[in-house]
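Structure, as structure tokens:
Lettering of chains follows the sequences in order, A, B, ..., and the numbering in each one begins at 1.
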Amino acid sequence: MFERSDDKLVQQALKGNKNAWMTLVTRYEGSIFNYTLRMVGNREDAKDLMQDIFISVFRNLSSFRGEAKFKNWLFRIAHYRCIEFYRRKKPTTSLDEAPEQVEHERDACPEYSLKQGQQAQALTIAMQRLPVNQRSVVELKFFQNFTFDEIAEQLGVSSNTAKSRLYSALDKLKGELEVSYA
Amino acid sequence: MPKSPNSQDPKKVSHEQLEAEFSQWLDKKLDLDDAENFEQSIAGDEALKARLATARFIEQQVYCYEEQPVPKWDKDKTFESSKTPWWQWGGLPLASMMCSLLAITMVLLKVEIQVQDGGVLLSFAGTKTPTMSEQQITTLVDARLKDFAAEQELVLADFRYDLREKQQDDSLKLASYLLNSTRQERKAEMGEFLDFIDERQKDTQFDQNLRLEQLEYAVKLQQQVPLRKTSHSMNK
């Protein structure tokens with residue numbers, strides 16, 4: 001009830017209120033860390049990427065106009081930092097290409113705890129096989145619950161492009177997850 | 001919530017319409033009834049059915065997904081104080097470059113800035129108005145000459161003063177020398193003169209003594225002569 005809104009915290013942080021900024025970070029670090037973890041597949045890279053994202057958010061805080069939700073704006077920056085990360089790590093791989101098969105994906109992702117259901121683990125592992133562009137849309141649609149319009153704005157593409165990427169991702173994941181339907 | 005077009009004959013619903021509904025289903029813009037109708041309407045579209053099933057499956061897995069705890073990380077690094085030291089001002093490199101460009105431009109264009117009494121004169125490529133510079137040079141030279149003349153006058157005045165004093169000093173010395181030497185000469189001449197007077201007086205005295213003696217002799221002779229005459233007459 002007495003929780004300060006995101007906009008209020010942003011205003012206070014812009015005035016130099018460190019406490020307000022820390023509150024904002026704490027509020028979103030969980031979702032951002034898990035986002036980066038699902039995007040990059042390992043804990044160390046996810047942690048570094050999360051830090052990059054928050055540093056970038058702080059530096060660009062003055063450009064947040066409050067026209068959209070802070071969460072939308074945050075994930076927009078997170079997406080761009082993610083893309084930069086991939087371009088640094090794999091400069092020769094296109095964002096629309098599936099990454100090279102990781103031999104032991106479960107070993108590559110030991111961070112996924114045993115508490116996770118097998119199928120949930122299968123999902124996150126299968127997402128690692130998707131091209132970055134499709135993986136982003138799946139992440140934003142299902143894990144962050146953004147609409148296609150919001151996703152399109154964050155990714156800087158049209159709504160139809162976002163839909164097209166999601167449908168392609170669903171087609172691929174069907175095969176990976178061996179989804180059966182009645 | 002938008003109304004599903006499935007209230008019409010489902011067979012007549014096109015693939016595009018179904019896809020549109022599917023995107024609305026994904027955006028959770030369909031209510032329960034419309035969602036059910038939609039699921040029934042895609043019975044003949046295998047691709048859409050597969051996608052729907054996959055989407056449902058993913059939604060279930062996301063629902064069961066347990067978020068990983070955030071590891072320890074340095075949150076303070078994300079906060080940058082707005083008070084940056086002046087030497088870290090972001091515009092400093094640009095300002096430095098602009099100053100360098102300005103300096104290079106000024107050198108290439110041979111810019112000259114002259115501050116005069118009335119204001120500032122800015123000239124490019126060595127262009128000058130000759131009259132102005134001649135006047136300036138003349139004025140400057142005159143001023144310098146006046147200063148030099150004034151200096152020289154002072155020096156000359158000092159020299160004259162010194163010279164006068166020296167002359168006076170020398171004259172004084174000469175006069176005192178002359179006075180001294182004249183006094184001594186006079187003293188010597190006076191002495192000689194006095195000696196001469198003494199000698200003349202002595203000579204005169206001697207001469208007078210001699211005449212006196214002669215006179216006495218004559219007198220004596222005179223006295224002797226009458227006695228003899230008397231005696232002679234008597235003898236006759």
Run the side-chain donor-acceptor check on residues 25-33 of chain A: report pairs under 3.5 Å with partners two or more places apart or on a different chain.
unit_1 : atom_1 : unit_2 : atom_2 : d
T26(A) : OG1    : M22(A) : O      : 2.7
T26(A) : OG1    : K75(B) : NZ     : 3.4
R27(A) : NH1    : R4(A)  : O      : 3.0
R27(A) : NH1    : D6(A)  : OD1    : 2.5
R27(A) : NH2    : R4(A)  : O      : 2.7
Y28(A) : OH     : D6(A)  : OD2    : 2.4
E29(A) : OE1    : W73(B) : NE1    : 2.9
E29(A) : OE2    : K75(B) : NZ     : 3.4
S31(A) : OG     : Y28(A) : O      : 3.1

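No hydrogens or angles considered: a donor-acceptor pair under 3.5 Å links the side chains of Y161(B) and E165(B). No side-chain N or O of D27(B) forms a donor-acceptor pair with one of T147(A) less than 3.5 Å apart.
Neither the backbone nor the side chain of N160(A) comes within contact range of chain B, judged by heavy atoms closer than 4.5 Å. Residue contact with chain B, scored on non-hydrogen atoms closer than 4.5 Å, is absent for L61(A). Using a 4.5 Å cut-off between heavy atoms, K18(A) touches chain B through backbone and side chain atoms alike. Proximity to chain A involves both the backbone and the side chain of E19(B), based on heavy atoms less than 4.5 angstrom apart.
The number of heavy-atom neighbours closer than 6.0 Å to CG of L145(B), taken from other residues, nucleotides and ligands shown, is above 12.
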